[in-house]
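Comments concern the structure below.
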Amino acid sequence: MFVSRSRKRSIDWATSEQKDPFRKKIKDEECNQEMVKEAMKQEEDSNLIEFLQPFPWQKIEAEGLDCDYALLFSKEEADHLYTKLEEEVVYLTGDETKVKVFGKVFNVPRKLATYGDTGLSYTYSGVSHQASQWTPTLKYIRDVVTKATGKTFNFVLINRYKNGQDQMGEHRDDERELDPLCPIASLSLGAARDFVFRHQEARGKRSRRQIKPVKLELAHGSLLLMNSPTNTYWYHSLPARKRVLTPRINLTFRHILQDGKK
DNA sequence: TCCTGGACATTTTA
DNA sequence: CTAAAATGTCCAGG
């Protein structure tokens, strides 16, 4: 079990914009892009220093795999964010929730939503999703993730697993529109779930190599950073866990390249 | 033993 | 060549 305490952070966040200087700074972004770029850079630097010492990251490494894991939110904060997201997030319905695998169309065994900057869309397994506008809570979480990582994100894919029967099959996030140098930041809220990485060359009966899977548990309020080149060599999945009876909401923050279309 | 769930490999095209 | 799905087989543990 991973023991750590997340940093103390004011919990009266969403209600009062003035109390959070970072949110104020984000508002300025809409006025002056140049100034904001500077401000963000300085923000990143100061936050890097601020978080370097007290923030307890756990490094997860294997051949071609590079991840960082930390408890980003305390139990109380995570509970609150979970509740807010249950109120705010609108999940896709109908054809938007279908996926094409081995030529057949299926409904995904979970609920999906996509939020991000205006005009962004994300495509995988034959289905494209337009990003909805950031909600206040998603914006807040995005900014905390930025503070903690020093990276910026313009998109978030939300997966909601209603219980341990909902799952995600093995795959890589190897879409062209993803910025390969920006890590994918995966925030977990709700039920803890196992998460499994398997090396591409260790899959299948005739696999050439025997590389052990990397398994971890994603806790309530935790953040997992999947750094380059993890997604080049490793598949990941969220396997079914029948004994899990409560929901998990997963937010994967990404950086999507506008013009990097296929 | 029986039952369940987990770890895989397989599938061959809305 | 790949595949964000479901399904079947095998096996360990209770």
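In what follows, chains are A, B, ... by sequence order, proteins preceding strands, each numbered from 1.
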Cluster link A/Tyr91 to A/Tyr82, ILVMFWY, side chain under 4.5 Å | yes
Which whole number of Å gives the distance between the C1' atom of C/dA3 and that of C/dT7?
-> 16 Å
Using whole Å, report how far CD of A/Gln165 lies from C1' of B/dT4.
-> 12 Å
Under 4.0 angstrom, heavy atoms only, what part of the nucleic acid is [X] near: base, sugar-phosphate, or nothing?
X        : value
A/Glu175 : base
A/Asp174 : sugar-phosphate
A/Lys98  : nothing
A/Asn159 : nothing

Closest-nucleotide 5' rank along DNA chain B - winner of A/Lys104 and A/Arg206 | A/Arg206
Is the closest side-chain donor-acceptor distance between A/Thr118 and A/Gln133 under 3.5 Å?
-> yes
Ignoring the backbone of [X], work out which of [options] is nearest its side chain.
X        : options              : result
A/Arg241 : B/dA14, B/dG6, C/dA3 : B/dG6
A/Arg172 : B/dG5, C/dA3, B/dA9  : C/dA3
A/Pro213 : C/dA3, B/dC8, B/dG6  : B/dC8

Fit a plane to each ring of A/Tyr124 and A/Tyr122, take the angle between them on a 0 to 90° scale, and name the class: parallel (under 30°), tilted (30 to 60°) or perpendicular (over 60°).
-> tilted
One should read off an interatomic distance between A/Lys139 NZ and A/Thr146 OG1, to the nearest 0.5 angstrom, of 13.0 Å
Just by distance, do the side chain of A/Arg254 and the backbone of A/Asp179 share a donor-acceptor pair under 3.5 Å?
-> no
Polar side-chain atom of A/Ser222 near backbone of A/Ala70 as donor-acceptor pair, under 3.5 Å | no
Any salt bridge between A/Arg209 and A/Glu63, counting N to O under 4.0 Å?
-> yes
Should A/Asp79 and A/Lys75 count as an ion pair when the cut-off is N to O under 4.0 Å?
-> yes
Give me, pair by pair, the N or O atoms of the protein and of nucleotides 5-8 of chain C that are less than 3.5 Å apart, along with how far apart they are.
{"from": "C/dA5", "atom 1": "OP1", "to": "A/Arg110", "atom 2": "NH1", "distance (Å)": "2.9"}
{"from": "C/dA5", "atom 1": "OP1", "to": "A/Arg110", "atom 2": "NH2", "distance (Å)": "2.8"}
{"from": "C/dA5", "atom 1": "OP2", "to": "A/Gly169", "atom 2": "N", "distance (Å)": "2.9"}

Stepwise side-chain hydrogen bond (donor to acceptor under 3.5 Å, both in side chains) check, A/Asp117 with A/Asn154 = CA-CA 6 Å; A/Asp117 294 353; A/Asn154 59 7; 4.8 Å; no
Under 4.0 Å between a side-chain N or O of A/Arg203 and OP1 or OP2 of B/dT10?
-> no
Could you provide the dot-bracket string of DNA chain B, using ( ) for intrastrand pairs, [ ] for crossing pairs and | for bases paired to another strand, with Watson-Crick or G-U pairs below 3.5 Å?
-> .||||||||||.|.
